[in-house]
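Shown next, in structure tokens, is the structure this report addresses.
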Amino acid sequence: SAATAILLVSILMVATLAGCGKDRLLYKKAKLENYVELPQYKGIEIDTNSKEFLEYYNAVFTSDIEQNNLYQKEEEGAVEDGYIANIDYVGKIDGVAFDGGSSEGYNLLIGSGSFIDDFEEELIGVKVGETKDVTAKFPENYPNSPDLAGKEAVFTVTVNYISRPMTVEEAYQKMNFNSAQKYDENITSRAVEGYLFEYVCKNAKIKDYPADDRELARNALLSEAATQNGISVEQFEALLEYNNKTEQFEKEIFVNFINQNIVMYCIFDMENLELLDSTLNKQTASEPIIAESYAVQETVIAFLYENAVIK
């Protein structure tokens with residue numbers, strides 16, 4: 001799981017938010033145990049040497065690599081998934097170059113999905129210095145350039161050099177750790193948090209939602225997304241509609257958020273947990289309800305961690 005350094009608004013500057021719901025913005029009156037059937041969330045067992053846990057570990061480390069540019073430039077070798085390929089390319093349709101279809105020295109993260117289908121996959125295995133013709137088709141719905149929608153293009157691509165992801169041993173100093181072991185422990189700790197969060201959310205059964213709170217959460221999520229994009233809510237909703245993403249927002253992004261949100265608040269209330277100033281003030285969301293939600297999530301995950309059985 002989200003991801004904008006914005007000061008928390010003053011409405012959240014309270015001493016504590018207790019599990020009873022006083023001064024809270026969401027679920028102030030609802031008894032959430034009537035809406036959610038929680039799994040056993042105390043004593044969750046985690047084997048940090050298991051193949052399942054390794055996926056969480058790798059996800060955390062990959063996120064660090066991408067967000068902190070932890071790559072090592074290589075003048076030899078071949079393109080692999082997860083590498084950055086520095087490329088020159090010229091795109092043509094029916095033998096004619098088209099506007100926006102060419103670039104030099106472009107850094108492309110392989111596997112990011114930032115180019116049209118098949119483009120990135122076709123570069124895997126291409127060696128530094130080699131040139132390859134890549135055939136790829138633009139989507140039928142391509143709002144970035146409607147004239148290209150549904151058309152097949154041939155891109156002549158040259159790989160100038162590649163940058164491979166660093167190892168933990170190579171990256172720890174850039175991440176401000178004194179040793180690779182300390183960095184490894186930090187990655188493991190964050191992977192445990194991710195595992196616990198996903199475990200309780202995946203195994204909880206949502207029966208229903210308090211209608212008023214559901215609408216509050218939806219409006220807050222829209223407002224936060226609009227703010228992050230530097231536009232109004234109305235403009236953001238129009239952008240979703242223009243890109244045919246309204247249904248995806250409603251059925252994927254919002255549903256995931258509200259499902260995770262109500263589970264976190266339910267555990268928060270069941271355990272009568274508290275939010276302190278320090279937890280609230282460090283949240284980076286500009287929308288108060290989103291900031292509160294992140295703070296509740298952080299508090300609950302800390303509780304789950306404290307009560308987990310980690311091997």
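Heavy atoms only: backbone and side chains are in, while hydrogens, waters and symmetry mates are out.
With sequence neighbours left out, the salt bridge (charged side-chain N to carboxylate O under 4.0 Å, His left out) criterion links Glu130 to no other residue. Contacts of Phe303 classified as ring pair (Phe, Tyr, Trp, His ring centres under 6.0 Å), with partners at least two apart in sequence or in another chain: none. In this structure, the salt bridge (charged side-chain N to carboxylate O under 4.0 Å, His left out) partners of Glu298, at least two apart in sequence or on a different chain, are Lys282. With sequence neighbours excluded, the residues that form a salt bridge (charged side-chain N to carboxylate O under 4.0 Å, His left out) with Glu140 are Lys137. Glu250 meets the side-chain hydrogen bond (donor to acceptor under 3.5 Å, both in side chains) test with Arg218; sequence neighbours excluded. Under the salt bridge (charged side-chain N to carboxylate O under 4.0 Å, His left out) criterion, Lys151 pairs with no residue, sequence neighbours left out.
Asp269 has its side chain within reach of Arg24: a pair of non-hydrogen atoms, C-beta onward, lies under 4.5 Å apart. A heavy-atom distance below 4.5 Å is found between the side chains of Val263 and Leu38.
Note: the hydrophobic cluster containing Ile65 also contains Tyr172 (ILVMFWY, side chain heavy atoms under 4.5 Å, direct or indirect links). One hydrophobic cluster holds both Leu273 and Tyr305 under the rule that ILVMFWY side chains link at heavy-atom gaps under 4.5 Å.
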Evaluate Val134 against Phe115 for side-chain contact (heavy atoms from CB on, under 4.5 Å), listing each step before the verdict.
CA-CA 12 Å; Val134 173; Phe115 272 39; over 6 Å; no
Can you give the donor-acceptor pairs under 3.5 Å from side chains of residues 196-204 to other protein atoms, not counting sequence neighbours?
unit_1	atom_1	unit_2	atom_2	d
Glu198	OE2	Tyr56	OH	3.0
Asn203	ND2	Tyr199	O	2.7

Using atom types as modelled, flag every donor-acceptor pair under 3.5 Å from a side chain in residues 156-164 to any protein atom, sequence neighbours excluded.
unit_1	atom_1	unit_2	atom_2	d
Thr156	OG1	Asp133	OD1	2.8
Thr158	OG1	Thr131	OG1	2.7
Asn160	ND2	Asn86	OD1	2.8
Asn160	ND2	Asp88	OD1	3.1
Tyr161	OH	Asn86	ND2	3.3
Arg164	NE	Glu74	OE2	2.9
Arg164	NH1	Glu170	OE1	3.0
Arg164	NH2	Glu170	OE2	2.8

Counting only pairs under 3.5 Å, give me each side-chain donor-acceptor contact of residues 253-260, with atom names and distances, residues two or more places apart or in other chains.
unit_1	atom_1	unit_2	atom_2	d
Asn256	ND2	Glu252	O	3.1
Asn259	OD1	Tyr209	OH	2.4
Asn259	ND2	Val255	O	3.4

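Rounding to the nearest 0.5 Å places CG of Asn69 at 5.5 Å from CD1 of Ile84. Atom-to-atom distance recorded for Leu32:CG and Tyr265:OH is 9.5 Å, nearest 0.5 angstrom. The CG atom of Leu25 lies 6.5 Å from the NZ atom of Lys28; values are rounded to the nearest 0.5 Å.
Residue-environment remark: NZ (Lys205) stays at or below the threshold of 12 foreign heavy atoms within 6.0 Å.
Judged by distance alone, with hydrogens and angles left aside, the side-chain atoms of Glu224 form no donor-acceptor pair with the main-chain N or O of Ile290 at under 3.5 Å.
Applying the salt bridge (charged side-chain N to carboxylate O under 4.0 Å, His left out) definition to pairs two or more places apart or across chains, those involving residues 174-195 are Asp64-Arg190. Within the structure, the salt bridge (charged side-chain N to carboxylate O under 4.0 Å, His left out) test picks out no pair touching residues 95-111 (sequence neighbours left out). Within the structure, salt bridge (charged side-chain N to carboxylate O under 4.0 Å, His left out) pairs that include any residue of residues 34-53 comprise Lys42-Glu271, Glu45-Lys311 (at least two apart or interchain).
Checked against a 6.0 Å centroid threshold, the rings of Phe177 and Tyr183 count as neighbours.
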